[in-house]
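Below: one structure, written as structure tokens.
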Amino acid sequence: KRAFDVTVASLLVLGLARIWWLDRLTVPLLDESWLELADDLSRQLGLGNRAVRLLKAKGPAMPMTWGIRRPAILLPADAAAWSTDRRRDVLLHELAHVKRHDFLIQLIAHVACAVYWFHPFVWIAATRLREERERACDDHVLRAGASPSAYATHLLEIARSLRVRTIAEGSVL
């Protein structure tokens with residue numbers, strides 16, 4: 001019983017360490033067009049004074065958001081080649097996570113799983129929370145005017161490029 005409790009807590013700590021490491025490994029994205037778009041979308045979402053850092057991975061990466069006081073959005077190295085629509089859709093999705101405080105909420109869910117590891121409904125709730133969090137941000141992008149088929153294509157191409165690069169480098173997903 002205790003060993004599993006420690007294992008779940010260790011996984012949480014490892015996940016936070018990975019985010020800390022990503023935050024240190026990445027470089028700020030200084031492209032003016034990205035920064036202007038992020039500022040415009042942040043204003044539209046009403047983020048106010050919550051400055052969001054844009055970070056660029058050194059290689060392939062799935063766009064993601066983390067941080068509570070200093071939120072960050074990670075973009076893959078090839079994001080500079082993205083179309084304006086893809087940039088808008090991805091940033092809008094990630095900024096919706098920031099607006100909803102999803103990182104904090106998911107962190108609380110992980111702590112609940114660590115504390116109540118023995119209760120299956122906690123795990124089910126955490127999984128549902130993660131799924132609904134993504135769905136809510138996708139819905140936000142679609143309500144903002146993105147074409148559903150174009151948005152789906154963006155997501156598939158990002159995932160496909162990540163998978164192709166990872167396999168080409170010899171890693172297994």
Side-chain angles (χ1 to χ4, degrees), residues 10-31 33-35 37-42 44-45 47 50-114 126-142 144 146 150-167 169 171-173:
S10 297
L11 291 174
L12 174 62
V13 170
L14 284 173
L16 291 173
R18 182 175 179 264
I19 289 170
W20 177 84
W21 184 252
L22 275 173
D23 202 67
R24 300 307 179 266
L25 272 182
T26 54
V27 295
L29 182 63
L30 301 174
D31 182 307
S33 63
W34 276 97
L35 297 174
L37 180 59
D39 286 343
D40 289 345
L41 294 173
S42 293
Q44 288 176 26
L45 287 170
L47 290 178
R50 290 190 73 197
V52 178
R53 298 173 297 135
L54 297 183
L55 302 174
K56 183 173 72 170
K58 294 180 180 178
M62 185 61 76
M64 62 186 292
T65 302
W66 66 77
I68 298 169
R69 289 185 330 158
R70 294 181 46 222
I73 296 174
L74 176 68
L75 297 163
D78 68 350
W82 289 356
S83 69
T84 304
D85 287 342
R86 182 178 295 178
R87 289 178 181 201
R88 180 188 166 280
D89 291 349
V90 168
L91 279 180
L92 195 52
H93 177 98
E94 298 304 328
L95 288 168
H97 282 301
V98 173
K99 180 178 176 65
R100 295 167 35 88
H101 303 278
D102 283 339
F103 181 79
L104 176 61
I105 293 167
Q106 201 62 37
L107 183 61
I108 292 168
H110 284 294
V111 170
C113 286
T127 299
R128 286 292 308 235
L129 178 66
R130 186 173 46 255
E131 292 167 355
E132 292 302 321
R133 174 189 76 198
E134 290 304 322
R135 212 170 278 132
C137 292
D138 289 339
D139 288 346
H140 190 85
V141 173
L142 296 174
Y151 184 54
T153 300
H154 295 321
L155 296 176
L156 287 172
E157 287 176 358
I158 291 168
R160 188 176 296 130
S161 72
L162 180 63
R163 181 170 171 77
V164 167
R165 286 191 192 133
T166 305
I167 290 172
E169 294 168 358
S171 300
V172 178
L173 289 178

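For this chain, numbers begin at 1 and follow the sequence in order. In what follows, every heavy atom counts, from backbone to side chain, and hydrogens, waters and symmetry copies are set aside. Predicted model only: the values in this text are computed from it and were never measured.
- Residues Leu95 and Ala38 share a closest heavy-atom pair of CD1-O, 3.9 Å.
- We find that Arg135 and Glu132 are joined by a salt bridge, their nearest charged nitrogen and carboxylate oxygen being less than 4.0 Å apart.
- Listed here is the closest heavy atom pair of Ala79 and Trp34: O-CZ2, 3.2 Å.
- By the side chain to side chain contact (heavy atoms under 4.5 Å, CB included) test, Ser33 is found to be paired with Asp31, Arg87, residues two or more places apart in sequence or in another chain being considered.
- Distance check, rounded to the nearest 0.5 Å: CG of Leu104 to CZ of Arg69 gives 13.0 Å.
- The shortest heavy-atom contact between Pro63 and Trp82 is CG-CH2, 4.0 Å.
- When every heavy atom of Ala126 is checked against every heavy atom of Cys113, the shortest pair comes out as CB-SG, 3.6 Å.
- Contact detail for Ala57 and Thr26: the closest heavy-atom pair is CA-CG2, 4.1 Å.
- Atoms CG and CG, on Leu54 and Leu91 in that order, are 6.0 Å from each other to the nearest 0.5 Å.
- Across every non-hydrogen atom of Glu94 and Ile73, the tightest pair is CB-CD1, 3.7 Å.
- Not a single salt bridge (Lys or Arg N to Asp or Glu O under 4.0 Å) links Arg24 to another residue, sequence neighbours left out.
- Under the side chain to side chain contact (heavy atoms under 4.5 Å, CB included) criterion, Ala72 pairs with Asp23, Arg53, Leu55, Trp66, sequence neighbours left out.
- With rounding to the nearest 0.5 Å, the separation of CD1 in Ile19 from CG in Leu14 is 11.5 Å.
- Arg86 has its side chain within reach of Ile158: a pair of non-hydrogen atoms, C-beta onward, lies under 4.5 Å apart.
- Take Ala144 and apply the side chain to side chain contact (heavy atoms under 4.5 Å, CB included) test, not counting sequence neighbours, and it matches Arg88, Leu92.
- A distance of 11.0 Å separates CZ in Phe103 from CD1 in Ile108, rounded to the nearest 0.5 Å.
- Rounding to the nearest 0.5 Å places OH of Tyr151 at 6.5 Å from CG of Leu142.
- A heavy-atom distance below 4.5 Å is found between the side chains of Leu22 and Met64.
- Qualifying side chain to side chain contact (heavy atoms under 4.5 Å, CB included) partners for Thr127, counting only residues two or more places apart in sequence or in other chains: Arg130, Glu131.
- The side chain to side chain donor-acceptor pair (under 3.5 Å) contacts involving residues 98-108 comprise Arg50-His101, His97-Asp102, Arg100-Asp102, Gln106-Arg133, where partners must be two or more places apart or lie in separate chains.
- Taken to the nearest 0.5 Å, the CG atom of Leu30 stands 8.5 Å off from the NZ atom of Lys56.
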